[in-house]
There are 4 protein chains.
Amino acid sequence: MDMDAICDRRAGAGPPASARTQARELEPAALLERFRAVRSASLQLVSELSAEDQCVQSMPAASPTKWHLAHTSWFFEAMVLQAFVPHYRCFDARYAHLFNSYYESLGPRHARELRGLLTRPPHGEVLRYRRHVDEAVESLSSAGAPAAQAASLLELGLNHEQQHQELMLTDIKHAFYLNPLKPAYRRSEPAAAHSPAPLRWHDHPGGVQQVGHAGAGFAFDNEGPRHAVLLRPFRLSSRAVSCGEYLDFILDGGYQRGELWLSDGWTAVRNQGWNAPLYWEPNGNGRFNVYTLSGLQPLNPGEAVCHLSFYEACAYATWAQARLPTEFEWEAAAATWSGTLHRADPIGLHPEAADVATGRPEPMCGTVWQWTRSSYDPYPGFRPDAGPASEYNGKFMVGQLVLRGGSFATPPGHIRITYRNYFPPDARWQFSGLRLARDA
Amino acid sequence: MDMDAICDRRAGAGPPASARTQARELEPAALLERFRAVRSASLQLVSELSAEDQCVQSMPAASPTKWHLAHTSWFFEAMVLQAFVPHYRCFDARYAHLFNSYYESLGPRHARELRGLLTRPPHGEVLRYRRHVDEAVESLSSAGAPAAQAASLLELGLNHEQQHQELMLTDIKHAFYLNPLKPAYRRSEPAAAHSPAPLRWHDHPGGVQQVGHAGAGFAFDNEGPRHAVLLRPFRLSSRAVSCGEYLDFILDGGYQRGELWLSDGWTAVRNQGWNAPLYWEPNGNGRFNVYTLSGLQPLNPGEAVCHLSFYEACAYATWAQARLPTEFEWEAAAATWSGTLHRADPIGLHPEAADVATGRPEPMCGTVWQWTRSSYDPYPGFRPDAGPASEYNGKFMVGQLVLRGGSFATPPGHIRITYRNYFPPDARWQFSGLRLARDA
Amino acid sequence: MDMDAICDRRAGAGPPASARTQARELEPAALLERFRAVRSASLQLVSELSAEDQCVQSMPAASPTKWHLAHTSWFFEAMVLQAFVPHYRCFDARYAHLFNSYYESLGPRHARELRGLLTRPPHGEVLRYRRHVDEAVESLSSAGAPAAQAASLLELGLNHEQQHQELMLTDIKHAFYLNPLKPAYRRSEPAAAHSPAPLRWHDHPGGVQQVGHAGAGFAFDNEGPRHAVLLRPFRLSSRAVSCGEYLDFILDGGYQRGELWLSDGWTAVRNQGWNAPLYWEPNGNGRFNVYTLSGLQPLNPGEAVCHLSFYEACAYATWAQARLPTEFEWEAAAATWSGTLHRADPIGLHPEAADVATGRPEPMCGTVWQWTRSSYDPYPGFRPDAGPASEYNGKFMVGQLVLRGGSFATPPGHIRITYRNYFPPDARWQFSGLRLARDA
Amino acid sequence: MDMDAICDRRAGAGPPASARTQARELEPAALLERFRAVRSASLQLVSELSAEDQCVQSMPAASPTKWHLAHTSWFFEAMVLQAFVPHYRCFDARYAHLFNSYYESLGPRHARELRGLLTRPPHGEVLRYRRHVDEAVESLSSAGAPAAQAASLLELGLNHEQQHQELMLTDIKHAFYLNPLKPAYRRSEPAAAHSPAPLRWHDHPGGVQQVGHAGAGFAFDNEGPRHAVLLRPFRLSSRAVSCGEYLDFILDGGYQRGELWLSDGWTAVRNQGWNAPLYWEPNGNGRFNVYTLSGLQPLNPGEAVCHLSFYEACAYATWAQARLPTEFEWEAAAATWSGTLHRADPIGLHPEAADVATGRPEPMCGTVWQWTRSSYDPYPGFRPDAGPASEYNGKFMVGQLVLRGGSFATPPGHIRITYRNYFPPDARWQFSGLRLARDA
């Protein structure tokens with residue numbers, strides 16, 4: 001999902017939101033507790049980054065850490081506080097210009113590619129901004145149960161901030177990688193090299209399947225409406241493709257064989273000089289080191305391959321005489337195989353944390369985002385929500401591909417099997433890998 | 001469909017092609033007659049263009065007329081003659097380099113964006129090349145019924161050449177438009193200005209529907225396999241959107257209202273300075289003239305609007321409180337409403353030729369290509385054919401949108417309701433308009 | 001000199017032009033004879049090019065042959081006929097838009113990079129345009145001696161057309177080179193391979209020297225005013241650098257050694273992938289073939305090296321422990337060594353025609369244009385002429401370097417030792433080489 | 001002068017440097033005192049900038065403050081300490097890669113346009129790096145009089161650092177300007193609005209004049225050799241052009257009249273949308289505010305106009321029926337009018353600090369850099385110095401124009417009348433204005 005697409009979801013103003021809102025329990029104390037936990041987690045993630053680190057922007061599609069911290073606060077301010085707190089005093093009226101990501105309806109804004117120039121407001125001022133917003137939300141909540149709509153928007157804001165937590169990691173990783181000093185985001189010991197578990201194929205009978213979200217819990221608007229699709233029988237692999245397997249593809253000339261690639265992918269290979277996933281670096285002995293959040297480490301063949309573009313995922317699948325699953329095949333399989341939905345591990349530092357070596361069935365979620373063979377189109381009956389949050393998802397529904405499953409860096413509790421992430425086909429800086437499918 | 005994507009389809013080598021081939025009657029005499037007719041039609045289309053006109057390339061996505069004439073001949077040479085004629089003598093071995101469009105498996109080739117530099121071979125030589133190929137095909141055919149596979153590839157080549165016939169018109173129109181003299185491709189009287197027929201809505205019940213091609217006639221590989229889809233009830237408008245209706249959108253500020261647009265579309269509007277369809281020119285009195293194959297003419301409000309990007313089609317639909325149909329809705333409706341499939345008129349000069357004024361139900365096909373809300377993804381079970389023709393369609397299945405229905409410039413007999421044309425969302429030089437849909 | 005900069009010089013309106021005009025004999029019959037000869041020579045140059053060949057534009061800096069033919073005619077029309085022929089009837093009023101090169105004062109014009117799209121007016125029509133202009137000039141001349149100012153502008157137009165004659169060759173050569181068929185402009189036998197004459201150094205004492213044009217003959221405005229400069233003693237080589245010598249530079253790693261290059265030159269080497277002069281092609285045996293107006297031919301070590309950028313000329317000179325002469329050193333030397341000013345040969349087909357093998361002092365002019373170490377700045381006291389011709393030279397006096405001496409393709413009689421040609425430092429498609437200098 | 005061109009001058013290795021070195025007195029104690037003063041001044045300049053501020057890079061031509069601080073230290077390390085201190089221990093061997101600006105002979109280096117990504121080494125570490133270098137230089141100096149060559153290189157390093165002091169101001173100003181908050185570098189009261197002193201013309205007789213540096217004091221290699229030039233009589237205006245005068249040019253349509261501009265300049269005006277100097281902002285009342293180092297302030301008509309490109313300076317001069325002086329005219333005049341060489345004021349905050357209102361002759365130096373009509377070509381006999389410092393100036397001698405005179409931000413004592421600054425003709429972020437000249 002485009003950097004900003006991952007930011008702001010829907011606000012719940014208007015009937016569709018209300019409908020979804022009222023369908024679920026909104027317990028004020030629990031919501032406030034969750035607010036504190038999410039807001040605190042953001043600061044925890046950046047605790048070892050300096051003010052300089054937090055200011056840098058490595059490319060237009062990435063944002064500075066400080067900008068993420070401010071933007072997620074602005075989101076609460078613009079969507080909740082200004083709408084529901086009488087006489088709310090904005091922390092700084094100019095911040096709407098600086099920290100609005102892409103909401104046309106909320107006015108003009110600072111150019112995305114210039115976010116890295118915002119040395120002012122200084123880092124400390126952004127922390128003060130966060131506290132200002134936190135206090136206002138606390139007051140709003142302690143003043144009695146907030147209106148259902150406000151509660152719904154608060155919940156949206158929390159999910160929004162969780163999306164940015166993962167982006168803070170992908171973006172700082174990219175910035176650090178471009179620094180010749182190759183600094184580490186956090187120190188940790190690399191996992192011991194291991195082989196992946198054997199890859200097995202699981203059959204699914206296809207047929208009419210219900211997909212999309214419905215029911216009580218939170219979901220983004222692009223996950224609905226829930227509807228039936230008709231699937232052919234298919235097979236899905238038991239785990240994500242591993243680094244070792246992907247290395248075989250490279251050694252077999254994968255990046256030199258045009259027939260394996262989509263036409264746009266082959267153009268990207270040649271124009272960008274791709275010959276391995278992003279962050280793989282030749283180690284001089286014909287193999288690779290991999291730059292991770294813990295710095296440069298030897299390639300671990302048993303880990304899930306990560307930082308692939310859609311093009312690379314497709315080419316690998318073709319080479320492996322397989323294909324990518326559609327998003328509906330993926331979701332139908334995940335619904336069937338529940339109970340192994342998510343890894344229990346806390347947030348890891350790089351995909352190495354994804355253990356594909358154990359032999360037990362790998363969960364569908366929580367290792368790497370998995371590219372699907374589905375363009376990011378609207379579901380039948382989809383309508384963007386009313387209000388500013390209408391711009392959260394709907395307007396990005398062209399030119400992107402759906403990813404499913406969340407990664408090791410997706411905050412716990414944030415992923416769902418109906419969750420639709422989306423990015424352009426050449427994006428590689430996300431924690432994106434693949435899982436194979438075949439016709440039955 | 002990308003310029004070249006429209007060129008070369010599958011060759012029929014290998015089982016899938018054979019299967020499709022054997023399913024239909026291949027009557028040698030009829031095939032040869034059709035060959036003569038199609039080849040002759042190409043020359044007829046360019047009969048009023050000079051050698052200079054036929055050499056020019058206005059942009060990388062467009063090709064010179066002469067290149068089209070040579071490339072379609074090369075296609076027969078590479079796919080049929082070299083494979084099925086013993087000791088076939090190539091007209092010029094270097095032409096494979098010059099006139100291969102995008103077949104990686106057939107070797108390196110001249111850069112697409114430099115096709116306009118090919119003043120040599122001269123025009124007359126390309127005509128000689130065509131005759132050389134024609135004679136070889138005649139010999140092959142008269143030597144007895146060609147093998148089923150050869151016949152199948154001949155038929156593919158004919159459909160391929162018909163695709164290029166339409167492209168010759170879109171491309172020369174674009175080149176002439178960029179000439180300040182605004183020359184006309186062919187002289188004709190403009191239709192009298194008129195109002196469109198009233199727009200009506202036709203209901204479709206949805207449900208499980210079969211889509212895609214199967215059976216005896218020719219189809220491209222991307223039209224299959226035929227398979228079932230599940231549709232919600234929907235409504236489809238009785239005709240394409242007219243120029244007059246689109247003018248209302250413009251006058252209502254359509255190009256200034258970001259909320260109507262997809263995000264990428266809004267970016268295109270601002271970066272490209274779009275404020276009307278391609279070829280619309282302000283006439284100084286607040287209205288527009290339209291550049292057509294017959295030159296600059298007054299806008300005719302009753303004609304189908306044409307030369308829209310997908311982005312513009314979407315924005316218009318949003319403004320009209322409607323949406324684009326999916327390609328499956330379109331096809332299901334067309335299957336139901338058969339009998340009015342195609343206009344009877346001969347090839348016209350511009351969309352004005354599409355009469356939307358009569359009040360009778362407009363045919364689904366033959367006016368303007370209609371953008372759908374479907375990304376160009378593979379059908380379930382789709383596999384590109386074996387052999388060089390495998391590159392015809394499959395490798396372009398990302399980043400494009402499906403158009404349905406053919407235009408006034410699509411050769412008679414070439415269109416089908418299962419036919420999937422495809423182009424990137426910002427393409428405007430094709431004869432592309434839209435038809436509206438709504439949820440029931 | 002920028003493509004267009006070479007086109008249009010000054011018109012003679014106003015005192016400076018008049019002054020220069022009256023200083024020289026203007027004999028009507030001789031002028032008319034010269035007009036016929038120059039106009040005819042242009043057509044002679046293109047006699048073997050097809051209409052297609054004459055329409056093509058290979059890059060923004062080059063123009064189609066047909067455009068050159070029309071533009072030089074428009075120059076007479078705009079500068080002479082419209083100003084001095086009462087009731088002159090323009091051939092086509094729209095041509096001022098199409099064929100104005102860069103004269104802001106003469107109105108808006110067709111974008112330079114789109115000149116190759118002008119398939120209309122057709123080739124035959126441009127020839128009719130030329131005859132229309134020819135007849136009008138004949139009438140003007142036969143109606144009695146034209147006014148001095150008209151005669152002066154006619155002479156300017158002739159020199160202008162001669163500049164374009166050389167450009168027609170450089171531009172068609174470039175276009176043909178980009179065609180994989182590598183067609184030849186004209187067939188001729190390559191000269192036998194030979195060694196160059198020994199390179200000798202000629203001393204010049206420096207001191208106060210007069211440079212720039214004065215006196216009776218024609219000159220462009222940028223050649224004046226004549227003025228004194230102060231030179232240090234210097235040495236100049238007896239001939240241009242040869243292909244064989246330049247090959248030594250290449251084999252010595254010239255294109256891999258950053259220390260030999262100006263900073264911008266080194267950037268160009270890396271960004272453009274330069275590793276030899278334009279038109280040199282590796283022959284597979286570690287040496288080179290050279291694409292010439294007669295097609296691809298073996299490198300002839302005795303010929304003058306050609307198609308160098310200023311950067312390459314500088315790097316070669318540094319490698320040879322020498323430097324480029326300033327334009328004033330060049331001119332002072334040429335003034336001293338007169339009598340060997342120009343080769344007697346008729347126009348050749350490629351630099352091979354420049355015989356540097358004979359041992360006799362090579363003339364300063366007529367082999368290859370020689371880059372100097374002088375930026376193209378105005379002379380002291382320079383003022384552009386009044387009228388539209390003021391835009392001929394003056395406005396290009398930044399960012400370009402001066403070349404001196406004319407090439408084998410410069411029309412006979414067109415060159416002077418005061419002649420200042422100019423091009424940007426990265427231009428390579430002109431017939432540009434170098435001659436070495438050293439401090440005494 | 002290109003950002004980096006301003007960094008590193010000559011090292012003094014080899015005879016030419018030695019020659020220049022020995023020509024002047026090198027008093028150890030004075031040199032050390034000067035070292036301390038210059039190094040301290042750099043830190044003083046950045047004392048109010050945060051670590052974030054010091055890390056940002058607003059465009060490829062500008063560098064982060066922190067990078068300037070580190071690069072100037074690396075220069076001492078690479079040119080002096082590693083060459084003259086036995087067993088010198090580099091602070092961090094990787095810094096040569098990070099902080100080498102453009103010295104090909106000193107190895108590969110970090111891409112210029114990515115300097116803003118260097119959040120590591122952190123700000124504090126760069127300060128430690130500076131102290132490490134300072135201490136090593138102190139030790140070197142206190143160990144007895146350093147060798148003449150080392151002293152010469154130390155002096156070069158100090159002049160190099162002074163160049164970067166001005167660049168730190170131009171670069172942070174540019175970065176702050178792109179921040180919508182428009183922060184001020186330093187707070188100060190704007191000068192009261194005033195009118196400029198009347199502009200007068202001073203005659204110079206021309207003739208043979210000595211230009212370039214010779215003698216005892218420090219100079220960069222591009223200032224020599226001193227040599228004679230021949231000048232025509234000319235007139236030079238008594239002061240720089242003021243903001244009020246430049247405003248008249250704007251109000252007279254200066255940015256809409258193509259005939260006033262060089263061709264490349266007119267292209268820049270249209271492509272970049274220029275309609276005023278950099279940092280001028282319409283105030284809504286038809287006039288302008290000007291962004292200064294003290295923030296946005298009302299335009300002061302009496303101040304010297306600043307932040308012009310060469311193109312704008314030329315167009316203004318043409319409009320004023322004058323021209324730019326050549327660099328030799330400028331220098332000859334400055335030599336004549338000595339005694340008023342430099343403003344006595346300490347470093348100011350913006351050109352407003354340049355008082356052009358007093359009526360007394362304005363000094364030639366210290367207000368704004370003045371574009372000359374001289375391309376940056378080598379002087380006769382110029383040879384870059386031996387050693388790494390050979391890349392300091394010589395390799396940039398193409399495509400740039402000479403500026404003379406220093407600005408209010410040039411450190412005191414750093415300017416000379418022989419000083420040649422240079423930048424590309426479209427550069428506007430330097431403190432660049434103009435002074436008019438005319439033929440006598």
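This one's a predicted model, so the numbers in the text were calculated from it and none came from an experiment. Letters A, B, ... mirror the listed sequences (proteins, then strands); counts begin at 1.
Of the residues considered (C:L114, C:L98, C:L49), C:L98 shows the highest number of contacts with chain B, using heavy-atom pairs under 4.5 Å. Taking chain B as the reference chain and counting heavy-atom pairs below 4.5 Å, the highest number among C:P122, C:G116, C:S50 is found for C:P122.
More than 12 non-hydrogen atoms from other residues, nucleotides or ligands lie less than 6.0 angstrom from CZ of B:R270. At most 12 non-hydrogen atoms from other residues, nucleotides or ligands lie less than 6.0 angstrom from CD of C:Q44.
The minimum heavy-atom distance between B:S58 and C:L117, with the atom names listed, is CA-CD2, 3.7 Å. In terms of heavy-atom proximity, C:E52 sits nearest to B:P121 at OE1-O, 4.5 Å. Across all their heavy atoms, B:P180 and C:H110 have their closest contact at CG-ND1, 3.3 Å.
Heavy atoms of C:R120 lying under 4.5 Å from chain B belong to its backbone as well as its side chain.
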